[in-house]
Each structure stands twice: as structure tokens, then as C-alpha cells.
Q: 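To start, I am sharing the structure in question, which I have written as C-alpha cells.
As the structure is a prediction and not an experimental result, all values here were calculated from the model.
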Amino acid sequence: MIDFIHAHSTRLYAIAAAALSLIAYYVQDLPTGLILALVAAVLGTGEAIQRVEDRKTHRALLLDPPYTNKD
């Protein structure tokens, strides 16, 4: 499960952000403080996701490119 989350962290983040937006729009009785706290949590999660993606990119830059046969 952890490998799945690591591999698809950006997609999962996008789903969570979209769900939060839809919930905040359609559920009218939510307190503003709750919505702001969730938005702050989503922004913090976005920063963590960005760092994960940066690490994956850095690791990929250190690897040799895969062999491709262009004949």
C-alpha cells in the first residue's frame, strides 16, 4: 500500500483536493474554521507531495537512461 501511495501521490493529492472543493461547495452548513483548517492541511500535503516528486526526479537523473532500440 505504501508503494502505491508513493507511486501515485500526485494523483491521490489531486483527488483529495477536488473532493474537498466539492464538499465545501455542496455542504452549506460547514463551519468556516473547519474549511480553512482543511485547506491549510491540503496545502501542507501539497508541499509534501512536491518534495516526494522532487526526490523521485533527482533519483531518476542519477540513473542511466534505459536502452532503446531505434532501428
Q: Quick check: is Leu34 connected to Leu43 through a chain of hydrophobic side chains (ILVMFWY, heavy atoms under 4.5 Å apart)?
A: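 The answer is yes; both residues are in one hydrophobic cluster.
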Q: Nearest 0.5 angstrom please: Leu62 CG to Thr57 OG1, how far?
A: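 Here the rounded value is 11.0 Å.
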Q: For the atom pair NZ (Lys56) and CG (Leu61), what is the distance rounded to the nearest 0.5 Å?
A: 13.5 Å
Q: For the CG atom of Leu38 and the OG1 atom of Thr45, what is their distance to the nearest 0.5 Å?
A: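 If we round to the nearest 0.5 Å, Leu38:CG and Thr45:OG1 are 10.0 Å apart.
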Q: Kindly work out whether a path of hydrophobic side-chain contacts (I/L/V/M/F/W/Y, heavy atoms less than 4.5 Å apart) joins Leu12 to Met1.
A: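 Yes, same cluster.
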Q: Rounded to the nearest 0.5 Å, how far does CG of Leu20 lie from CD1 of Ile35?
A: 8.0 Å
Q: Drop me the distance from Ile49's CD1 to Arg51's CZ, to the nearest 0.5 angstrom.
A: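 The CD1 atom of Ile49 sits 12.0 Å away from the CZ atom of Arg51.
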Q: Let me check something: do Val42 and Val27 share a hydrophobic cluster, defined by ILVMFWY side-chain heavy atoms less than 4.5 Å apart, either directly or through other members?
A: yes
Q: Closest approach of Leu30 and Ala24, non-hydrogen atoms and distance?
A: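 Closest approach of Leu30 to Ala24, heavy atoms only: CD1-CA, 4.4 Å.
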Q: Side chains of His58 and Arg55: is there a donor and an acceptor less than 3.5 Å apart?
A: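 No.
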Q: Measuring from Gln50:CD to Tyr13:OH, what's the distance to the nearest 0.5 Å?
A: 10.0 Å
